[in-house]
Each structure stands twice: as C-alpha cells, then as structure tokens.
Undergrad: 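Please read through the structure below; I'll follow up with questions.
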Amino acid sequence: MGDADAEEVPGWREGRGGGLVRGALWLLQEVGIGNVFTKVQLRESFPDIAQIDRRIRDLRDWGWVIDTSREDASLKQSEQRFVKAGIRVWDPVERKKRLRLVDASPRRIATGGAEFTCELCGRVAAGSEFHAAHRTALANGGRDEPGNLKVLCSDCQAADDSEGGVSELANRAALLPFRERTRLLTWIALGERPRTPIEDIWARYQQLPSADQQQLAHHLARLLNEDSQAEDATP
C-alpha cells in the first residue's frame with residue numbers, strides 16, 4: 001500500500017464505520033496480509049463489539065479472503081489467516097459500487113412483500129422475513145448475481161452465518177453414504193452421539209501417562225499376536 005493510500009485509510013482504533021470497517025482496518029494494520037490471527041486476539045481487540053467474529057466473516061462477501069482450518073489444513077481450529085484484502089469497505093464510493101451490483105438481485109426482492117420459500121427448511125412466509133446469501137462466497141470465486149444467491153428464512157440465515165454454517169453442513173451431509181447419513185440423523189434425534197466401547201477406551205487412553213500408554217500398546221500387540229497364532233493353528 002503506497003503512502004497516498006495510507007493517508008486515506010483511517011485507523012482501526014478510531015471507532016468509525018462499525019465492526020465491518022474497523023475489522024477490515026484491523027486486519028490490514030495489525031495482522032497484515034499472509035499472517036495468522038486467533039479469535040482471542042480478535043475479541044480482545046474489539047471488546048466493545050459483541051459480534052466481531054461475524055463481522056470478520058461478513059468481509060468474505062466483500063471479496064476479502066480469510067482462511068480457516070477448512071481451507072488451510074496447517075491452521076488450528078482457533079486460527080485464521082488473512083490472505084487477501086477485498087473491497088475497501090471504509091470507502092463510501094467503493095461500498096456503493098458493490099451495493100449497486102446486489103441491488104437487482106434476489107437480495108432486494110427478499111425484502112419485499114411477496115412470499116418466499118426457505119431453501120433449507122422449506123418454510124414459507126413474507127419476503128420481509130427472508131434474506132439472501134451467497135451460495136459460493138465472493139472469496140471463493142462467487143459473484144453478486146442472482147444465480148449465486150439463495151433465499152433463507154431468518155432462522156436459517158442466522159445458522160448459516162454461524163461458525164461452520166448450516167449450508168456447508170447440509171452440503172457435506174448430502175455427500176455421506178446412506179448408512180452414515182442414517183447414523184447422523186439418529187444422533188440428531190437422540191440429541192447426543194452415543195460413544196462406542198472403542199471410542200470410550202480411546203478417550204481414556206489419551207488421559208493416561210506416557211508409560212501407561214506404552215504398556216497398553218504392548219498389551220494389545222501381545223493379544224493380537226496371540227489371536228493371530230490361534231487363528232493359524234485352527235485347522
């Protein structure tokens with residue numbers, strides 16, 4: 001960023017423009033492109049903004065690329081990487097350019113009085129209760145055009161904006177084999193995931209001291225060896 005541009009950019013601590021603008025400026029001025037930040041650092045920097053995590057996610061719709069562990073396997077679950085800056089959200093002129101792109105899309109229609117059906121839950125209600133969201137985020141190559149926008153009810157929109165996103169989970173669940181989808185639905189119906197004996201042993205194993213872990217490993221290896229010998233001896 002040149003000196004002329006730097007003079008036009010306000011400081012993120014100035015408190016102007018709300019969470020979206022201040023979050024973008026914080027990424028540029030404190031984190032820096034290519035660097036990693038954590039949720040703790042983000043929340044400590046913005047103790048006055050309750051939904052600062054969501055505002056940072058919203059930047060993806062403005063062309064900002066912010067990777068999580070889903071896009072970058074080297075990141076921990078609590079970490080994110082600032083990859084690329086997008087539209088200068090602190091610049092009113094730049095913001096208007098994007099808003100004009102969206103103005104003729106279902107995002108505008110969804111605030112009208114017509115009835116719409118939520119694409120996730122199937123609920124039908126007045127358009128004022130619905131929102132439009134990107135099917136493919138701008139950061140991932142999506143565009144602000146009708147074909148890339150989906151209509152969601154308020155409840156599903158809130159879930160879609162949460163960490164992980166209900167849309168992403170629904171898409172991933174659709175790719176599961178029939179048996180795995182059935183198991184997942186059972187867990188949802190029960191409100192819990194019943195742990196199998198092997199999972200219970202594994203969870204307790206992880207809490208053992210290193211010496212005890214090695215002892216258990218040797219014990220299992222001996223059992224497997226005995227089972228193998230017994231199987232070989234069977235006529």
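All residue numbers in this chain count up from 1 along the given sequence. Worth knowing before you read on, the calculation uses all heavy atoms, side chains too, and leaves out hydrogens, waters and symmetry mates.
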Undergrad: How many angstroms lie between atom CG of D67 and atom CD of E79, to the nearest 0.5 angstrom?
TA: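 Rounded to the nearest 0.5 Å, the CG-CD separation comes to 12.0 Å.
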Undergrad: Give the minimum heavy-atom separation between E44 and P47, together with the two atoms involved.
TA: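 Here E44 and P47 meet closest at O-CD, 3.4 Å.
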Undergrad: Strictly distance-based, threshold 3.5 Å: is any side-chain N or O of R81 a donor or acceptor partner for the main-chain N or O of N35?
TA: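 Checked: no pair found.
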Undergrad: If every non-hydrogen atom of Q80 is compared with every non-hydrogen atom of R60, which pair is closest and at what distance?
TA: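 Where Q80 meets R60 most closely, the heavy atoms are OE1-NH2, 3.6 Å.
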Undergrad: Hey, any chance I66 and L75 share a hydrophobic cluster, counting ILVMFWY side chains that come within less than 4.5 Å of each other, even indirectly?
TA: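 I66 and L75: separate clusters.
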Undergrad: Treating Ile, Leu, Val, Met, Phe, Trp and Tyr as nodes and any side-chain heavy-atom pair under 4.5 angstrom as an edge, say whether L220 and Y205 lie in one connected cluster.
TA: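 Yes, because L220 and Y205 connect within a single hydrophobic cluster, where side-chain heavy atoms sit under 4.5 Å apart.
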Undergrad: Measuring only between side-chain heavy atoms, which start at C-beta, is S78 closer than 4.5 Å to V40?
TA: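 In short, these two side chains do not touch, never coming nearer than 4.5 Å.
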Undergrad: Using side chain to side chain contact (heavy atoms under 4.5 Å, CB included) as the criterion, point out the one residue from L59, D58, D53 that pairs with R55.
TA: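 Looking at L59, D58, D53, the match for R55 under the side chain to side chain contact (heavy atoms under 4.5 Å, CB included) is D58.
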Undergrad: With rounding to the nearest 0.5 Å, note down the distance linking CZ in R22 to CZ in R13.
TA: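 Between atom CZ of R22 and atom CZ of R13 there are 9.5 Å.
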Undergrad: Please walk me through it: do W12 and S45 pass side-chain contact (heavy atoms from CB on, under 4.5 Å)?
TA: CA-CA 10 Å; W12 70 273; S45 297; 4.0 Å; yes
Undergrad: Given 3.5 Å as the limit, does a donor-acceptor pair link the side chain of E180 with the main chain of P177, or not?
TA: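 A pair under 3.5 Å: no.
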Undergrad: Check whether more than 12 heavy atoms from other residues, nucleotides or ligands sit under 6.0 Å from atom CG of L223, and answer yes or no.
TA: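 Check passes, neighbour count above 12.
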Undergrad: Report whether V36 and I56 are members of the same hydrophobic cluster (ILVMFWY, side-chain heavy atoms less than 4.5 Å apart, transitive linking).
TA: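 Different hydrophobic clusters.
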Undergrad: When you look at L27 and W64, which way does the side-chain contact (heavy atoms from CB on, under 4.5 Å) test go after all the steps?
TA: CA-CA 10 Å; L27 288 174; W64 292 63; 4.3 Å; yes
Undergrad: Compare every heavy atom of S69 with every heavy atom of K76, then report the nearest pair and how far apart it is.
TA: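 K76 and S69 have their closest heavy atoms at O-CB, 3.9 Å.
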Undergrad: In sequence, state the C-alpha distance, the side-chain angles, and the governing distance for R204 and L216, and then conclude on side-chain contact (heavy atoms from CB on, under 4.5 Å).
TA: CA-CA 11 Å; R204 295 176 62 184; L216 179 59; over 6 Å; no
Undergrad: Under a 4.5 Å side-chain heavy-atom rule over Ile, Leu, Val, Met, Phe, Trp and Tyr, are W62 and V31 clustered together?
TA: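 Yes: a chain of side-chain contacts under 4.5 Å links W62 to V31.
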Undergrad: Roughly how far, to the nearest 0.5 Å, is the CZ atom of R57 from the OG1 atom of T68?
TA: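 Answer rounded to 0.5 Å: 10.5 Å.
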Undergrad: Any link between W187 and W202 through a network of hydrophobic side chains (Ile, Leu, Val, Met, Phe, Trp, Tyr) touching at under 4.5 Å?
TA: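 Hydrophobic grouping puts W187 apart from W202.
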Undergrad: Of all heavy-atom pairs between L20 and V89, which one has the smallest distance, and what is that distance?
TA: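 Shortest heavy-atom separation between L20 and V89 comes out as O-CG2, 4.0 Å.
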Undergrad: Run the ring-centre check on F82 versus W26 and record whether the distance is less than 6.0 Å.
TA: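 No - the distance between ring centres of F82 and W26 does not fall below the 6.0 Å cut-off.
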